[in-house]
Amino acid sequence: MENENPFFYEYETVPFDKIRNEHYMPAFEEGFRLLREEVDRIADSPERPTFENTVVELERSGAFLRRVSGAFFGIFSAVTDDEKMMIARTVSPKMSESQHYIFLNKPLFKRIEEVYRNRDSSGLSVEDARLLENTYRGFIDSGAGLDGKERERYRKISTELSLLSLDFDNNVLKDENRFELFLTDKKEVGGFPSDIQKAAASAAREKGRKGWLFTLSAPSYVPFMRYAGNRELRKKMYLAKMAVGSQDNEFNNRETVREIINKRLEIARLLGFDNYASCVLKDRMAKDRKQVYRLLRQLLKYYKPLAEKEYKTLREFASALEKDGAFVLMPWDWSYYAEKLKKQQFNVNDEMTRPYFELERVEKEIFGLAADLYGLTFRKSPEIPVYHQDVTVYEVLDADQSRLGLLYTDFFSRDTKQSGAWMSDVKGQFTDRQYVDHRPCVVISMNFQRPVGEQPSLLTYSEVKTFLHEFGHALHGLLSKCTYESMSGTNVKHDFVELPSQMMENWLDEPAFPDRMGVHFKTGKKIPAKLVKNIIDASGFNAGYACCRQVSFGLLDMAWHTLESPFEGSIERFEKKARKKASVLPEVDNTVMSCSFGHIFSGGYAAGYYGYKWAEVLDADAFSLFKEKGIFDKKTAQSFRENILSKGDSEDPNVLYRRFRGRKPSIKALLQRNGICP
């Protein structure tokens, strides 16, 4: 097997064309074996512990395992078949056990402790000192200070949690894929833009059916909720979406949610904390739950009155349209009537922008923005193997033509891909002992509509913004210049990681950028300046509602993770109570969000969803400097690159931000952007 397994040969880029599912397990097993050997060598060393022979050696260990893990988990969410799911279920507890082999290793921890005690006299650089701090805290947070039964209990629970997260994701994917809405009456799709009709008809043909097929995937669900005139069908779609993972079938996540929450609480208690949020937040920018709730309360103070006003306006608008003075605006109505009101107020809707944002051109212009700001070049590399035919690879070059890394783009929806959009690492950046800079390989995955017939893939304005968001994450990875892989790229605090991604979205709301990007895919005419102005004017439309919606997710996340006793109650009642302060729309019975809330139950954002709003304060404040100096100002861009994008977690993010901005962040720029204060 080893002679045929690509992982056992040296390669510069991952040979996805040669890797088969049967290659992963032997390679993982070898990675686990090598890691144990390396850890044993460090732990059993007769030499006096030093930063180099203990902390750095540990950081460098597990290289083969990281190689295999990156090639598997870096693409797992994009090509999730049953066989890969079985591999993941087999590997995940082994991954947990390999972490336990490190962090619960008493001789190794003793050496780490000694280096940490002598840190003030070690003459370490800022980056080295941070690695030492992260390593020591990592051991403490992973149970190194526990003994006996508590130690073994920690080991068991953390292994179980890794499997529960996998089960959660798998259930969501399969439950979403179960739902299909076929329409055969032309009247039911009469209000849909032609592009959406074509995509739905194409989806139906692929299933061997006539008519139009709609699913719960974002490219299908979102436009359906915006344009479906049949209220009962909108309700049906909404209830199906809000029931994912909570129905009485084999994909029910209710018990999984309870187990995850209760096991996280038990881990927190083992480590000496009252709740899981306190355990997590001590290492974030926010530091503690008081700061998180302070941010969420501050946002509600400014945005909740605006959201309530928006609801009243939209309800009155819908009532007038429906000639029903008693009309109650429900959650399945919001997108439909909001789209109509936005069209009336600003003469624009998302679908009006679609013909002007052809994916190929959008990609070219977004790459061009990176060239303008940072001097980057993106060179298509068809000779590099890919993991799916939809994927394209680019070699990314710096202004001096040095190689920065590889970018894999994976744009289209498919049954084996999780919903949403994300960036992942196939390989991280680091500098080795010979001072060779190993460059990263990153993937950005979206769920855009495929080309239909002769028509290319066309994006809405909001989808372009999603592209920019994930591209910002990619730049964070590609522009990294750190010594240690564990602190490079996007391996930063979760309430800091969204700054580079949300920062990139800002350029779309400045006329100069959409003006050069928007060209009609048929006529070749530039997007009208009036349409660009209307898009930008409408960008703050229903900003209060949008903010309160995000705050409600943050409140739900914090409610789950500030529990101080095991949860055994009703998930529905718990959710409604947790989100009540930020709720604008009427509550609906038999709807559950938690059972499909992947960000906090499988995506690493537990006690961290507030980070999106935290980073929004940062990105608005940071971009205000670009607006002051010029949105394409190379000096400001270089400062952002040097102080934020290249640094990873090599320094405290609060320090990095103040170095870029010259002061602490202020919420004022966000309020100005949303038109709440002048």
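Atom set for the values below is all heavy atoms of this structure, side chains included, hydrogens, waters and symmetry mates excluded. A quick note: this is a predicted structure, and the numbers were derived from the prediction, not measured.
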For the pair [X] and [Y], find out whether any cationic side-chain nitrogen is under 4.0 Å from an anionic carboxylate oxygen.
| X | Y | value |
| --- | --- | --- |
| Glu160 | Arg264 | no |
| Arg294 | Asp288 | no |
| Arg269 | Asp274 | no |

Looking at Tyr336, I'd like to know if the NZ or CZ of Arg234 sits under 6.0 Å from its six-membered ring centre while staying within 45 degrees of the ring's axis.
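Satisfied, under 6.0 Å and within 45°.
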Using the six-membered ring of Phe28, assess whether NZ or CZ of Lys94 lies under 6.0 Å from its centre and within 45 degrees of the ring axis.
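No cation-pi geometry.
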With ring centroids as reference points, do Tyr657 and Phe496 lie under 6.0 angstrom apart?
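Centroid distance Tyr657-Phe496: not below 6.0 Å, so no.
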Tell me if the centroids of the rings in Tyr24 and Phe72 come within less than 6.0 Å of each other.
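Yes, the ring centres sit under 6.0 Å apart.
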Consider ring-ring contact (aromatic ring centres under 6.0 Å, His included). Of Phe224, Tyr337, Tyr238, Tyr221, which one does Trp332 pass it with?
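It is Tyr238, the one option of Phe224, Tyr337, Tyr238, Tyr221 that forms the ring-ring contact (aromatic ring centres under 6.0 Å, His included) with Trp332.
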Cut-off 3.5 Å, side chains only: do His476 and Ser501 have a donor facing an acceptor?
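The criterion, which ignores hydrogens and geometry beyond distance, is not satisfied for Ser501 and His476.
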Distance-only donor-acceptor check, side chains Tyr612 and Asp495, under 3.5 Å
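No, because no side-chain N or O of Tyr612 sits under 3.5 Å from a partner of the opposite role on Asp495.
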Test salt bridge (charged side-chain N to carboxylate O under 4.0 Å, His left out) on Glu83 and Arg89 and set out the steps.
CA-CA 10 Å; Glu83 195 172 356; Arg89 282 192 59 79; over 6 Å; no
Arg549, CZ atom: more than 12 neighbouring heavy atoms under 6.0 Å
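No, CZ of Arg549 has 12 or fewer neighbouring heavy atoms, counting only those of other groups under 6.0 Å.
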Taking atom NZ as the centre, does Lys580 end up with more than 12 heavy-atom neighbours from other residues, nucleotides or ligands that are less than 6.0 angstrom away?
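12 or below, so no.
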Roughly how far, to the nearest 0.5 Å, is the CG atom of Asn249 from the CG atom of Asn171?
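With rounding to 0.5 Å, CG (Asn171) is 8.0 Å from CG (Asn249).
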Working to the nearest 0.5 Å, report the span between CG of Asp283 and CD of Glu133.
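Atom-to-atom, Asp283:CG and Glu133:CD are 8.5 Å apart.
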